*Asks:* 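Handing you a structure now.
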Amino acid sequence: MKIEFFKHNVGEDELREVKKVFNSPFLTTGEATHRLERNLAKYLGIKEAVGLTSCTGALHLALLAAGIKPGDEVITTPMSFVATAHAILMAGAKPVFVDVEPETGNINANLIEAAITKKTKAILPVHLYGQMADMEKILAIAQKRRLKVIEDAAHALEARRDGVRPGQKSFGACLSFYATKAITSGEGGSFATNDKKMAEYVRRLRSHGVTRELSQRQRLGSMAYDVDVLGWKYNMDNIQAALLLPQLGRVEKTWQRRAKIAEYYRQSLAKIGVTMPVIVSKSKHAHHLFTIWVSPRKRKNILNYLKTKDVSAAINYVPIHLFSFYRRQLGFKKGMFPVAEKISRQTISLPLYAKLTDVEVDYVIKQVQNAVRKA
Ligand SMILES: *Cc1c(COP(=O)(O)O)cnc(C)c1O
């Protein structure tokens, strides 16, 4: 048996939707994109979702829309994919890392205030593995210190905490539709916000700063437009949107399957003394990644064993501050964020996706049990 780390859910429904786009004259941002934007906003319980080509682009534009400028500082977590901190640098600002909670791996809200300086303009939490950071605390700090909050919700499309979903109470949330995410168009992303003006501004920034995108010009029957700001090229096209529309319609169903697998993993692996991130109360975990924490001394052996048994695994994440670029460019050193570093030495992500069969899930559990015993 060979267990892939991830399998997408794209099939006949998506093909049908893409075919409709192919049969229309317009492949880039247009009707399908607008429909995806409306459906996504409705699903998220938010006023606006802007279709973009990546979460990285969404983070970049969200930071620009929030007024982040060169010289500013943005507080974030080192326990994420490098895109989170890269986006801050793309906006010209400086990422300031704060260590994470040992129980969840999410940014430790209790350490944020100590990291705030005169230059701090925003906080960028990441909802790690699909579990939301402590937004109540983070938003309270942001309000007191007049900071913007932008959420990296790349893992958290389906998540909720304390009754609040990504983007609902912050400046906005950034989503990813990258190849391994809950719904995918290969590459894709979105900025979701309750601020209609900011959504419009991000729509401008996604297409070079033009005041009217082509589909709008065609609708209005006027080819005139202005460029009033420097924009980028991050507009989602109709093909990407067509791929996402049916998946979005099934998103709760596929989430339920992942939640069931995650619960089964959790119960089975707790028995053999493997530790896992804690699930906080009053929350809905999006179950994007299922991670276990093992002894750092044993991890290499466990990973090797799983490889010989054809069970694919991943490491999420190497903390961003330890990449050579970040050490060299920003002076970060080993030991600066000990909790994130400890998690990064212990963590193993197991396959988690709706297409996993019960037989495959049992196989993964058995091999992890064997690997831990033998390591
Ligand atoms: C995948 C991911 C991103 C980047 O998403 P893209 O759509 O590939 O740009 C950002 N942050 C986190 C936490 C991610 O997992």
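Keep in mind the model is a prediction, meaning the values are calculated, not measured. The figures that follow rest on heavy atoms only: side chains count, while hydrogens, waters and symmetry mates do not. Indexing begins at 1, ligand by ligand and atom by atom, following the structure's order.
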*Asks:* Does Ala154, backbone or side chain, put an N or O under 3.5 Å from an N or O of ligand 1?
*Replies:* no
*Asks:* Would you mind running through ligand 1 and noting each atom that sits below 4.0 Å from a heavy atom of Gly188?
*Replies:*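 Going through ligand 1 atom by atom, the ones under 4.0 Å from Gly188 are 7 (O).
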*Asks:* Counting from 1, what ligand 1 atoms have a heavy atom of Thr84 closer than 4.0 Å?
*Replies:* 11 (N)
*Asks:* Quick check, are the ring centers of His287 and Tyr265 under 6.0 angstrom apart?
*Replies:* no
*Asks:* Please say whether the positively charged group of Lys284, taken as NZ for Lys or CZ for Arg, lies over the ring of Trp255, i.e. under 6.0 angstrom from the six-membered ring centre and within 45 degrees of the axis.
*Replies:* yes
*Asks:* Using a strict threshold of under 4.0 Å (side-chain N to carboxylate O), is an ion pair present between Asp72 and Lys119?
*Replies:*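 Looking at Lys119 and Asp72, the cut-off is not met.
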*Asks:* Mind checking whether Thr56 has an N or O less than 3.5 Å away from an N or O of ligand 1?
*Replies:*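 Between Thr56 and ligand 1, an N or O pair is found under 3.5 Å apart.
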*Asks:* Does the distance from a Lys or Arg side-chain N to an Asp or Glu carboxylate O, for Arg212 and Asp226, drop under 4.0 Å?
*Replies:* no
*Asks:* Show me which atoms of ligand 1 lie under 4.0 Å from any heavy atom of Ser80.
*Replies:*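 This gives 13 (C) as the contact atoms.
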*Asks:* Is it true that Tyr317 lies under 4.0 Å from ligand 1, counting heavy atoms only?
*Replies:*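 Yes; Tyr317 lies near enough to ligand 1 that a heavy-atom distance drops under 4.0 Å.
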*Asks:* Take atom CZ of Phe6 as the centre, draw a 6.0 Å sphere, and report whether it contains more than 12 heavy atoms from other residues, nucleotides or ligands.
*Replies:* yes
*Asks:* To check your reading of the model: name the closest protein heavy atom to atom 11 (N) of ligand 1, its residue, and the distance in Å.
*Replies:*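 Heavy-atom neighbour on the protein nearest atom 11 (N) of ligand 1: Asp152 OD2, 2.7 Å.
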*Asks:* Yes or no on side chain to side chain contact (heavy atoms under 4.5 Å, CB included) for Val372 and Val274, after CA distance, side-chain angles and deciding distance?
*Replies:* CA-CA 8 Å; Val372 170; Val274 167; 4.0 Å; yes
*Asks:* Would you find more than 12 non-hydrogen atoms of other residues, nucleotides or ligands less than 6.0 Å from Lys169 atom NZ?
*Replies:* no
*Asks:* Under 4.0 Å from a heavy atom of Ala83: which atoms of ligand 1 are those, numbered in the order shown and with their elements?
*Replies:* 4 (C), 10 (C)
*Asks:* Restricting to non-hydrogen atoms, name the atom on His155 and the atom on Ala286 that form the minimum distance, rounded to 0.1 Å.
*Replies:*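 Looking at all heavy atoms of both residues, the shortest contact is O-CB, 3.3 Å.
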*Asks:* Return the closest protein heavy atom for atom 1 (C) of ligand 1 as residue, atom name and distance.
*Replies:*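 Sorting protein heavy atoms by distance from atom 1 (C) of ligand 1 puts Lys181 NZ, 1.6 Å first.
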*Asks:* Taking the non-hydrogen atoms of Ala87, is any one of them nearer than 4.0 angstrom to ligand 1?
*Replies:*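 For ligand 1, residue contact (heavy atoms, under 4.0 Å) with Ala87 is absent.
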*Asks:* Among protein heavy atoms, which lies nearest atom 15 (O) of ligand 1, and at what distance?
*Replies:* His155 NE2, 2.6 Å
*Asks:* Under 4.0 Å, counting heavy atoms only: does Gly189 come that close to any atom of ligand 1?
*Replies:* no
*Asks:* So is His127 touching ligand 1 or not, going by heavy atoms under 4.0 Å?
*Replies:* no
*Asks:* Below 3.5 Å, N or O to N or O, backbone or side chain included: is there any such pair between Tyr178 and ligand 1?
*Replies:*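 Looking only at distances, the answer is no, because the N/O contact criterion of under 3.5 Å is not met.
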*Asks:* Would you sort out whether Trp232 and His60 count as a ring pair (Phe, Tyr, Trp, His ring centres under 6.0 Å), showing the intermediate values?
*Replies:* CA-CA 10 Å; Trp232 273 256; His60 181 196; 4.7 Å; yes
